[in-house]
Structures are given as structure tokens and as C-alpha cells.
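Taking it in order: structure first as C-alpha cells, then the write-up.
Chain A is the first sequence line, chain B the second, and so forth, proteins listed ahead of strands; every chain is numbered from 1.
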Amino acid sequence: MTKVTLTVNGRAMSGECEDRTLLVHFIREKLGLTGTHVGCDTTQCGACVIHMDGLSVKSCSILAVQASGSTITTIEGLAGQGELHPVQAAFKEHHGLQCGFCTPGMVMTAVDLINREGGTLTEETVRAGLEGNICRCTGYHNIVKAILAADAEMATGRQAAE
Amino acid sequence: MYATSYHRASSVEDAVKLKSANEEGKYLSGGMTLISTMKQRLAAPSDLIDLRHIPAIRGIRIEGRKVTIGAATPHADVAASRELAAICPAICKLAGHIGDPHVRHMGTIGGSIANNDPAADYPAGLLGLGATIVTDRRSLSADDFFTGLFETALEEGEMVTSVTFDAPEKAGYAKFNNPASRFAMTGVFVAKTAGGVRVAVTGAGSSGVFRHPGFEQALASNWSPDALSNVVVDASNLMSDLHANAEYRANLVKVMAKRAVASAG
Ligand SMILES: Cc1cc2nc3c(=O)[nH]c(=O)nc-3n(C[C@H](O)[C@H](O)[C@H](O)COP(=O)(O)OP(=O)(O)OC[C@H]3O[C@@H](n4cnc5c(N)ncnc54)[C@H](O)[C@@H]3O)c2cc1C
Ligand code: FES
Ligand code: FES
């Protein structure tokens, strides 16, 4: 067993696991944060997307020991003080989900995309940004709408803050 | 996944030493191929030697027109480098179309070329640029490095540390994605280098990435998409699989080569 230490959603956390334990299983089973999902065996669906040191990654294809020492944000870490993150609020407003299984990964992907390219997003760049995320329900249309709306909303927020 | 032991290397020497102490071990870079393969139990290394925390092999260095990319540099960093885009936009474009954003945040150039998947993008880029692959013990030309399907000239325990190339006068890359996997169903990299025109094809050859001398000659005398119209692409050495047969790929090779020339900057 190896000790893994992470900063998760702003809190220092640690736990013991086998070297072969996947980060997503460590997060779900050791840390009890079950918002991050597993939807495939092939690193393709994106249900498991979290942020590691500020960048979106597929936590099903990283070992917990590989991530040790890093800073992690999961879907549980987005909302502040009882208020949804603007991307979460936009998914709700624009019906960006049906069954909701892909949604944590979609939202974490959208936040990463807005962090990197916020203010310049178009339907085309959003669709390209979702290449690593599969949704079996929505047909993507409302997900794209929600992300564009959140991007616009957050850009307005940034301007107001300046 | 079968049990394995994880080691985090702090330097190239440390990594090579760990690897020679663990014969059944493997280097681990971004893990986007290796961890996926281990999950399917298609690989079972006794030990993993993590290269992501070795500062000396991460990052892009540009001196004049000479480019050096550390082996553990993620695809996303190559895609986003403005300095590199200023002298060789084609390699940034290539990196920016590998897999998806999450794969690009983890996957690295060293892992990609060491793996030499016959449908991977970097092998075409490096063969097209006439790059040099630097390892812990020697330097190899891309022509000598890529030897077959998932095969390279790397010896047991040999580790890629960086790749270097001179920025070409012009270069372009065009890829026809497999819509499900994002890998190249055919990808063609064209470059006008100091050593002449080079054309490298990935995703199509039945023994992996290859150069196309017919295209190279045609483009050397006339650098334009039309110059390729009458060049014959022999289908007999191309792959046939459920995505496309060899004849279809032969046509794709030409179409992608033309697009690559048209897009070259
Ligand atoms: C969903 C998905 C889509 C993808 N799409 C594409 C695509 O469109 N195009 C494409 O080209 N690739 C694609 N890939 C593969 C991706 O680019 C991988 O990142 C890459 O092939 C391997 O790089 P890595 O750093 O992840 O290597 P790892 O998985 O860590 O290692 C791969 C192999 O290389 C060895 N190795 C690693 N580093 C070194 C080194 N420095 N020296 C010697 N040996 C080393 C390892 O031992 C292992 O055998 C995709 C992957 C996924 C999961
Ligand atoms: S569970 Fe990670 S990509 Fe599907
Ligand atoms: S909402 Fe059901 S998979 Fe996306």
C-alpha cells in the first residue's frame, strides 16, 4: 500500500491504496466523492473528467499514485456557498442533461474550456472541445447551448469585475 | 489491472537506473496508451517508472530555427506554443488534433513516438520534418527510429529524452480522423526542409509510418497540390480494416497530401 496525498476541492486529503488503483476509484471509494463517474473501459467517454493542477484529465486513466502531490477539483468542488457554478446553472437553464450520467464530466470539461479559451468560444470550438466526452441522451445540442451561455455570462462577470 | 509497483523518477539517470533494476518494468509518461492498455490487461509491467516529474525532459526550447521538445512535453503544450507556431505552425496544429483536450493534457511526444502506433500523428510529423530523436545514449534520425508497427529502434531500457528539428521553410499536415477513436485513418505531413521535400504518411501503411518518394519528387519540382494529381499511390502496401480498405486509403493518402500542401505555412 502506498500513501497518496492530494489537495481536493481546497482540502488536504490522503489515503492508502495499491499502486494500481485508478485515481477515479480513489476519489469515489476512498474519498467518498461519487460525483465523478466511470462510463467506459477505453478512455473515451469523459464521464470521469476532473481537473488536475488546473487542467482537465480523464481520472480513469491515471493512477492515484501518479496524481499524488497534485491539486484536484471534482464536480463537488465547483459550487460555492449554496450557489451553482455558472456552468452548472447554465446546464440547468438550457436542459443540458437528461439522465445526467455524463454531466459531471461535461461540466468539468466546459469549465476547463472556458478557463483556457473563455470569451472566444463559438459553436465550432465548443463542439471540438467536447471531442473527449460522450453523451448517450441529449444529442449535444443543449450542452453546446449551455456552454456558450455560461461563457457569455462569465465574460460579462469578468468585465463587471474590471 | 494486474498489480504493479510505481516509481517516480527525479532525473533521466534515475529513470534509466530504475528501469535496469526492474527488467519487467516500463517507462510511464502520460499513460494515455499504457494505463489504458494495462486496464485491459493487455500489458502487465511489474514496475512503472514515471517520467512526468523530470524537469529536464519537459518543455519546448527554441534557438533561432532549431527546435527541441522534451520527451515528457504534453501534446497541449506543443499545440499552444506561440513561439513554436511562429516558425512551425504545422506541428502545433498536428498536436492540437491528437485525441481530445484531456488526452492532450496528459499524453506526451516521447510516449507517442516510443509507442509508434501506426495511426498516431507525431510519427508522421517527425518523419516529415526529418527530426532527430535523442535518447539517454544516442541520437537517431526519424528515418532510422520508426521501424514498423508499434516498433522502434529503441533498445531494451533506452529512453527518449527529446526530439529536435530545424524549422522547415514550409510544412503542412492534414488528417482524416477516425470519427470514433480520433486517430488518423490517414494523415499526411509535408515539409520543405533544407534537406529537400519530405512527405510522411501515417494511418495507412501496413508497416506503419512511411515516406512517399513519388510525392516528394513531384513537390520538389512544383510545390502545389496539383503537382500530386498524376502521382500513383500504390495500394498494395496499405492497410485494410473495417474502417477502410487499401484502395480507399490510397485515395485518402492523395487527398490528404493535397490538403496538407494547400494548408502549408
Ligand atoms: C481517447 C484517446 C484518443 C487518442 N487519439 C490519438 C490521436 O488522435 N492521435 C495520436 O497520435 N494519438 C492518440 N492517442 C494516443 C495519445 O497520443 C498517447 O498520449 C500517446 O500515444 C502515448 O503517449 P503517453 O505520453 O501517454 O505515453 P504512455 O502511455 O505513458 O507510454 C506509451 C509507451 O511508450 C513508452 N514510453 C513512454 N515514454 C517513453 C520515453 N520517454 N522513452 C521510451 N519509452 C517511453 C511506455 O513505456 C509505453 O510503452 C489517443 C489516446 C486516447 C486515450
Ligand atoms: S470513464 Fe474515463 S473516459 Fe470513460
Ligand atoms: S445526459 Fe445521459 S449520457 Fe448525457
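Within the 4.5 angstrom heavy-atom criterion, atoms from both the backbone and the side chain of A/Val65 approach chain B. For B/Thr37, no part sits under 4.5 Å from any heavy atom of chain A, backbone or side chain. Using a 4.5 Å cut-off between heavy atoms, A/Thr21 makes no contact with chain B at all. Contacts of A/Ser68 with chain B are made by both backbone and side-chain atoms, with heavy-atom separations under 4.5 Å. In this structure, no portion of B/His97 lies under 4.5 Å from any heavy atom of chain A. Residue contact with chain A, scored on non-hydrogen atoms closer than 4.5 Å, is absent for B/Leu34. With a 4.5 angstrom heavy-atom cutoff, B/Ala180 touches chain A only via backbone atoms.
Taking 4.5 Å as the limit, some side-chain heavy atom of B/Pro101 sits within range of a side-chain heavy atom of A/Arg116. Side-chain contact between B/Met106 and A/Met52 is present, with heavy atoms from C-beta onward closer than 4.5 Å.
By the neighbour-count criterion of 12 heavy atoms within 6.0 Å, atom CZ of B/Arg259 is sparsely surrounded, having that number or fewer from other residues, nucleotides or ligands. More than 12 heavy atoms of other residues, nucleotides or ligands shown are found within 6.0 angstrom of OH on B/Tyr6. Crowding of A/Glu76 atom CD: a count of heavy atoms from other residues, nucleotides or ligands under 6.0 Å exceeding 12. Around atom CZ of A/Arg158, more than 12 heavy atoms belonging to other residues, nucleotides or ligands sit under 6.0 Å away. Other residues, nucleotides and ligands contribute over 12 non-hydrogen atoms within 6.0 Å of the NZ atom of B/Lys19. The local environment of CD in B/Glu24 is sparse, with at most 12 non-hydrogen atoms from other residues, nucleotides or ligands closer than 6.0 Å. At most 12 non-hydrogen atoms from other residues, nucleotides or ligands lie less than 6.0 angstrom from CZ of B/Arg61.
Once rounded to the nearest 0.5 Å, the distance linking CD of A/Gln66 with CG of B/Asp50 reads 5.5 Å. Of the inter-residue distances, the one linking B/Ile35 atom CD1 with A/Thr43 atom OG1 reads 9.5 Å to the nearest 0.5 angstrom.
B/His105 places no side-chain N or O within donor-acceptor distance of the main-chain N or O of A/Val57, the cut-off being under 3.5 Å. A/Arg20 contributes a side-chain N or O that, together with a main-chain N or O of B/Met1, makes up a donor-acceptor pair within less than 3.5 Å.
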>> Using the rule given for side-chain hydrogen bond (donor to acceptor under 3.5 Å, both in side chains), can you reason through B/His102 versus A/Asp112, listing the C-alpha separation, both sets of side-chain angles and the distance that settles it, and then say yes or no?
In response: CA-CA 10 Å; B/His102 327 304; A/Asp112 171 77; 5.4 Å; no
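The shortest heavy-atom contact between B/Lys39 and A/Asp41 is CE-O, 3.9 Å.
Contact count against chain A (heavy-atom pairs under 4.5 Å) is highest for B/Ala3 among B/Gly31, B/Ser36, B/Ser181, B/Ala3. Most heavy-atom pairs under 4.5 Å with chain B: of the set A/Gln44, A/Glu18, A/Glu131, this distinction falls to A/Glu131. Chain B forms the most heavy-atom pairs under 4.5 Å with one residue out of A/Asp19, A/Leu63, A/Leu113, and that residue is A/Asp19.
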